[in-house]
> 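Below you'll find the structure I mean.
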Amino acid sequence: MAFIDSRTLEDGTVIERDLCIVGAGPAGIAIAREFMRTGLKVALLESGDVAPDDGPQALAAGENAGLPYPPLDKVRIRAFGGTTWHWGGNIRPLEEIDFTDRPWIPGSGWPFGRDALVPYFRRAQPIFGLPETVFDEENWRRIIGEPWKTGPDILSQLFHTVGGEGRYTGDLWSDPVEKAPGIELYHHATAMEVSLDEAHRGVSEIPVRTGNDRLIRFRARAYVLAAGGIETPRLLLLSDRQETAGVGNRADLVGRYFMEHLTVPNYARFYPTDPSIPLGYYRGIDRDWGETWGILRMSDRDMRDHRLPNVRFQLAEITNEFNKEMHRPGMRSLRALMGLEASPEGHDMGRHIANMIADIDAVADAAYYRFMHHPDYPLRYVNVVHIGEQTPNPDSRVRLSAKRDRNGQRLGVLDWKLQRLDSEGAWRTAQQLKAGLAKAGLGRLEINFDESVFAKFPPKPHFHHMGTTRMHPDPKKGVVDADCRVHGLGNAYIAGSSVFPTGGNANPTLTLTALAIRLADHLKKELVR
């Protein structure tokens with residue numbers, strides 16, 4: 001891959017290639033990788049630099065008009081590698097039920113089942129350095145222990161967290177394609193619009209503004225927009241010179257159905273019947289390529305029987321006899337002296353000893369348990385985190401602001417909204433989890449919120465931007481078809497989680513990468529013939 005600084009090109013340059021991809025994040029790069037040995041010429045456009053830079057990053061600014069959300073220029077990265085510069089690295093495919101039409105989840109159902117993506121999940125794993133056995137339950141149970149015997153209503157499943165230096169850099173993506181002939185990365189190249197041909201049945205070119213304000217035009221036989229769940233719909237909406245409502249937006253769907261994963265960090269507290277209940281499966285184990293760990297979720301059958309969304313529950317902070325009074329100064333000093341936490345500024349040995357003497361009963365009790373028992377046991381309780389899917393909502397959307405960026409382009413506005421269905425679904429799922437854990441004799445789940453949880457406590461966002469160019473075979477119900485082709489345009493496609501009809505509970509990166517590889521296979525057939 002040749003890295004080309006667009007600022008070195010002459011104003012008015014026209015570049016013609018076989019394929020033009022807008023956005024050098026996981027989806028865009030995954031597609032480019034698939035063309036390494038095809039002999040076709042690919043232009044990959046990136047608004048930022050090869051690494052994060054404050055200059056182009058300012059173009060990611062926008063406005064928030066809905067639920068509380070961090071500044072938009074903080075949740076997306078304009079650089080080669082995209083948001084993998086700040087992602088959590090969590091990887092798991094979506095579940096079979098996520099692809100099905102579920103009457104209790106309005107707008108659910110993908111144009112194909114999970115089976116259609118299984119071979120692409122396998123092809124995506126090596127990109128992240130994952131071994132073939134990463135989701136082999138039997139293999140991991142021999143290593144990290146058995147999950148709890150929860151009965152048929154509750155499932156335990158594995159997640160993987162990508163490790164290594166590539167987790168937060170473009171290195172994860174650059175090495176295999178850096179010397180690939182025919183693939184060119186143009187950085188500091190911001191797409192300004194999607195220009196259509198005279199008949200408005202295909203894309204004719206992508207005009208690009210460089211970092212030094214030159215205009216470059218990219219022309220190709222096919223185009224892929226892979227700029228993310230906020231920037232891709234923004235680019236389509238900005239393209240209103242030929243289509244008043246924006247390109248691909250004749251059904252007023254571009255930007256709608258914005259979804260996030262709904263997280264409540266302090267959702268519940270689990271009091272185990274057995275204070276020595278094994279935690280190994282859920283706490284996981286590290287390897288040089290990352291970490292593997294387990295979660296709980298309701299079974300597909302239970303979700304259908306009780307009309308539940310897909311929610312995962314993660315074990316978080318553990319409170320045991322050693323750390324049960326960790327808020328006390330003496331306990332904080334004990335942990336500092338044991339090297340379990342940093343010593344507060346100004347706390348010398350004398351201060352720590354004084355704190356421990358003042359809290360001598362708690363310190364002695366904790367020390368006894370620390371030296372006479374396993375560091376995690378006896379357990380008192382474990383905090384449980386809720387992470388679930390959002391019900392598709394057409395009023396949750398990305399739209400345009402009246403304000404403009406330095407290129408004169410209207411800023412994006414994120415208007416994130418939830419429905420009552422989201423709170424009710426989260427509450428019912430927690431009730432089912434509570435009943436299932438009790439039925440299995442594992443313990444008591446104390447839920448910290450009620451059925452109006454998200455109305456009282458807005459969920460913590462994950463920066464997972466999904467649904468804004470959703471996939472549906474009917475152009476009245478989706479922006480792209482089952483091949484991710486924009487309805488009504490013969491040579492325009494969209495890659496990334498913006499095409500997801502629903503989001504499941506798993507982080508989107510593996511699924512969007514698998515979808516991108518599937519799209520690349522389709523494009524190769526289109527472009528080679």
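These numbers come from the heavy atoms of this one structure, side chains and all, not from hydrogens, waters or symmetry mates. All figures in this text were calculated on a predicted structure; none of them were measured in a lab.
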> Can you check whether Thr468's main-chain N or O pairs, donor with acceptor, with Ser498's side chain at less than 3.5 Å?
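Here the side-chain-to-backbone pair does not exist.
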> Quick one: are Asn90 and Trp293 in side-chain contact, heavy atoms under 4.5 Å?
yes
> Does one side chain, of Asp98 or Thr502, offer a donor that lies under 3.5 Å from an acceptor on the other?
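No.
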> Given side chains that start at C-beta, do those of Thr292 and Arg287 come closer than 4.5 Å, heavy atoms only?
no
> Within the 4.5 Å heavy-atom criterion, are Glu260 and Pro459 side-chain neighbours or not?
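Counting from C-beta outward, Glu260 and Pro459 never come under 4.5 Å.
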> Say whether, by atom type as modelled, one donor and one acceptor occur between the side chain of Arg256 and the main chain of Asp252 under 3.5 angstrom.
yes
> For Phe80, does its backbone N or O pair with a side-chain atom of Trp85 as donor and acceptor, under 3.5 Å?
yes
> Ignoring hydrogens and angles, tell me if any N or O in the side chain of Thr100 forms a donor-acceptor pair with the backbone of Ile97 under 3.5 Å.
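Answer holds: yes.
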> Between the side chains of Glu446 and Tyr381, does any donor sit under 3.5 Å from an acceptor?
no
> When Phe500 is tested against each of Tyr257, Phe99, Trp110 for ring-ring contact (aromatic ring centres under 6.0 Å, His included), which residue passes?
Trp110
> Is the closest side-chain donor-acceptor distance between Glu137 and Tyr281 under 3.5 Å?
yes
> Between His472 (side chain only) and Asp474 (backbone N and O only), is there a donor and an acceptor less than 3.5 Å apart?
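Checking the backbone N and O of Asp474 against the side chain of His472, a donor-acceptor pair under 3.5 Å is found.
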> Without swapping roles, check the side chain of Glu46 against the backbone of Gly81 for a donor-acceptor pair under 3.5 Å.
no
> Can you confirm whether the side chains of Arg380 and Thr319 place a donor and an acceptor under 3.5 Å from each other?
no
> Is there a donor-acceptor contact under 3.5 Å from the side chain of Trp140 to the main chain of Val134?
yes
> Can you tell if the side chain of Leu414 reaches within under 4.5 Å of the side chain of Phe258, non-hydrogen atoms only?
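SC-SC contact between Leu414 and Phe258 confirmed.
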> Pick from His386, His462, Gln314: which one makes a side-chain hydrogen bond (donor to acceptor under 3.5 Å, both in side chains) with Thr263?
His462
> Quick one: do Asp153 and Arg301 make a salt bridge, cutoff under 4.0 Å?
yes
> Would a distance-only check, ignoring hydrogens and angles, find a side-chain to backbone donor-acceptor pair under 3.5 Å from Tyr267 to Ala426?
yes
> Does any N or O in the side chain of Thr511 come within less than 3.5 Å of the main-chain N or O of Leu94, such that one atom is a donor and the other an acceptor?
yes
> Between Pro70 and Phe463, is there a side-chain heavy-atom distance shorter than 4.5 Å?
yes
> Is there a donor in the side chain of Gln419 and an acceptor in the side chain of Thr391, or the other way round, less than 3.5 Å apart?
no
> Can a side-chain donor-acceptor contact be found between Arg269 and Asn383 if the only test is distance below 3.5 angstrom?
yes
> When you check the side-chain N and O atoms of Ser497 and His464, is any donor under 3.5 Å from an acceptor?
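The criterion, which ignores hydrogens and geometry beyond distance, is not satisfied for His464 and Ser497.
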> Judged by atom type as modelled, is there a donor-acceptor pair below 3.5 Å linking the side chain of Gln157 to the main-chain atoms of Ile295?
no
> Show your reasoning for whether ring-ring contact (aromatic ring centres under 6.0 Å, His included) applies to Phe270 and Trp148.
CA-CA 13 Å; Phe270 175 61; Trp148 299 340; 5.4 Å; yes
> Does the pair Glu95/Arg92 count as a salt bridge with the N-to-O cut at 4.0 Å?
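Between Arg92 and Glu95 there is a salt bridge, with a charged N closer than 4.0 Å to a carboxylate O.
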